[in-house]
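Notes to accompany the following structure.
Bear in mind that the values here come from a model prediction, so they are computed numbers and not experimental data. Whatever order the structure lists ligands and atoms in, that order sets their numbers, starting from 1.
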Amino acid sequence: MNRQDDIAKAEAIMRNNDRGNYTVPTHGLYPFQWNWDSCLSALGFSHFDLDRGLVELETLFASQWQDGMVPHIIFHEYDDGYFPNADVWQTNQLVPTSGITQPPVAGYALAELYKRANDKEAIEGRTRQLLQQVHKWHQWFYRYRADQSGLVAIVHPWESGRDNSVDWDAAFERVPTEGVSPFVRRDTSHANPKHRPTDEQYKRYIWLVQKFRSLGWDNAEIARQSPFQIVDPGFNAILIRSSLALAELADTLGEAQVAAESRVFADKAQTSLEGLWSDAFGQYLCYDRVTKTLVQSPSVSGVLAVFAPIPRQRVEQIAQTIRKLAEQSNYLVASHPPSAPEFDELRYWRGPVWLIVNYMIAVGLRDAGQTDLVQRIVDDSIALIEKSGFAEYYGPIRATPCGGDAFTWTAAMVLEFFSTFDPRVETESLIELNNVHQGMS
Ligand code: GLC
């Protein structure tokens, strides 16, 4: 294959998974709209149909809850081939949705789309509207999920987007399985069960859903009562970066209040992120708010934190940690280090490589000037699709394609890698972010 073939294939996958005003992550396994899938896919669309990318975000935000939350799944069409579907969530929304959220990458995506648009005037009204909606979502995070540190917690592993990460194992011991209504998993009939979470984990996922449902999806109560409350560094880095991107966009559009508030949110969280740093692991770690301890699990989330403008010294330490991963695997960046006892090469978020994570790490490293490492991550990502197709995720040792195939966000990231990482392209925001890095060093 060559670059032109890869691009044509990626576009075809995105078109195939397009359901008109939203895309499904892949046919069969995931028949609805997922939150961060859509935002990252919008970036992919921007390379061949920017307007369609904007529509992807608009459809997602049309399902924003009254209180500001943007749900992790929108069930646009009935489909009982997925569990848990709308009948289980029972969130009472006009278009049925799940009741939890996902990593807030929308602010970053929206700002990128606007920057890339040739005719900015034509999309200004729509951008302004989305800017307010994204801001409302960020305010929701700070209202319901932040403590005095300014960092936000997730209340369900699915919110992290890294469903079965080793990060959740200890906290999951606290989540009961009694009282979970009997259910039949559907994911394991679409994908190899060895590549998926275990039944034990699934029971706990559903216990939490039932618990939140019993609280009438009241977000204040959910935040108070969930036995699972984790501050995830990657998730927070995404929120910080999105807030800063939104602030920059708000400046451009003359929305001074959104700009000011977003910067206050981001600055506070960014300062507190340092509290999650671990010298022993050379990366950030999750923090368990219930036990008030750092979770001793060196997952990729603490590496992904480089997506936010963290201090230069931290960038260098993280780069070192990634180089160590490169010695233990053939393809960067494993979601859990192969040297760790819990590493499972093919099981979802316990080892495999995900191109969306590679992309966000590469963006952060690029902005911090780590050019060589960026090149290696980009090369590995392209090598994976060329060897194993546009899979959902891949084994970091043998490039085994795992999960679903013809995957939307994998395709979108390939388009991003080819366009955004062209060394000739240096955007203004990049230069600005570099300055932030310099300032913090
Ligand atoms: C899985 C992933 C999650 C993603 C979803 C749809 O649940 O863990 O991050 O959003 O699939 O692709």
Side-chain angles (χ1 to χ4, degrees), residues 13-14 16-19 22-44 56 60 63 70-76 79 81-85 88-89 97-106 109 154 156-168 185-188 190-193 195-198 201-202 204-206 208-209 230 232 234-235 238 299-301 304 307 333-336 344 346-361 390-394 401-413:
I13 288 172
M14 293 193 68
N16 256 325
N17 290 336
D18 186 349
R19 297 292 175 269
Y22 70 95
T23 48
V24 294
T26 186
H27 179 75
L29 183 60
Y30 301 114
F32 313 110
Q33 181 179 22
W34 263 258
N35 184 326
W36 74 325
D37 294 62
S38 271
C39 298
L40 292 159
S41 301
L43 294 171
E56 191 75 19
L60 176 66
S63 283
V70 183
H72 97 296
I73 307 175
I74 324 292
F75 300 101
H76 291 286
D79 193 318
Y82 179 85
F83 178 85
N85 70 8
V88 178
W89 291 92
T97 72
S98 72
I100 56 174
T101 195
Q102 250 190 342
V105 71
I154 52 166
H156 193 297
W158 287 342
E159 290 198 315
S160 71
R162 300 180 300 113
D163 306 16
N164 69 336
S165 168
V166 175
D167 293 351
W168 326 132
R185 289 176 63 173
R186 307 304 297 262
D187 58 318
T188 41
H190 296 289
N192 186 340
H195 301 175
R196 304 285 306 173
T198 63
Q201 282 162 339
Y202 240 83
R204 291 180 160 91
Y205 297 145
I206 300 306
L208 287 170
V209 171
I230 306 270
D232 172 330
F235 191 104
I238 290 171
S299 80
V300 77
S301 172
L304 172 58
F307 190 49
V333 180
S335 49
H336 210 73
D344 191 337
L346 306 182
R347 206 181 278 279
Y348 221 25
W349 290 96
R350 301 176 78 88
V353 176
W354 294 70
L355 256 54
I356 46 139
V357 173
N358 278 9
Y359 167 72
M360 288 182 277
I361 293 173
F390 291 72
E392 186 178 1
Y393 47 97
Y394 307 85
C402 300
D405 62 2
F407 223 82
T408 305
W409 69 8
T410 304
M413 294 303 99

Open item on the list: Test of understanding: with side chain to side chain donor-acceptor pair (under 3.5 Å), list the residues that count as partners of Asp344, not counting sequence neighbours.
Closed with: Arg347
Task: Mutual orientation of the aromatic rings belonging to Tyr82 and Phe32 [parallel < 30°, tilted 30-60°, perpendicular > 60°] - done: perpendicular
TODO: For Arg196, enumerate each residue passing the salt bridge (charged side-chain N to carboxylate O under 4.0 Å, His left out) test, keeping only those at least two apart in sequence or located in another chain.
DONE: Asp187
TODO: Please indicate whether His27 has more than 12 foreign heavy atoms, meaning atoms of other residues, nucleotides or ligands, lying under 6.0 Å from its NE2.
DONE: no
Enumerate, one pair per line, all nitrogen or oxygen atoms of ligand 1 lying under 3.5 Å from a protein nitrogen or oxygen, stating the separation to 0.1 Å; write 'none' if no such pair exists.
from	atom 1	to	atom 2	distance (Å)
ligand 1	7 (O)	Asp163	OD2	2.8
ligand 1	7 (O)	Tyr348	OH	3.1
ligand 1	8 (O)	Gly161	O	3.0
ligand 1	8 (O)	Asp163	OD1	2.7
ligand 1	8 (O)	Asp163	OD2	3.4
ligand 1	8 (O)	Trp349	NE1	2.9
ligand 1	9 (O)	Trp36	NE1	3.1
ligand 1	9 (O)	Gly161	O	2.6
ligand 1	10 (O)	Trp36	NE1	3.1
ligand 1	10 (O)	Asp37	OD1	2.6
ligand 1	10 (O)	Gln102	NE2	2.9
ligand 1	11 (O)	Tyr30	OH	3.3
ligand 1	12 (O)	Asp37	OD2	2.7

TODO: Not counting sequence neighbours, which residues clear salt bridge (charged side-chain N to carboxylate O under 4.0 Å, His left out) with Arg19? List them please.
DONE: none
Task: Plane angle bin for Trp89 and Trp158 - parallel if under 30°, tilted between 30 and 60°, otherwise perpendicular - done: tilted
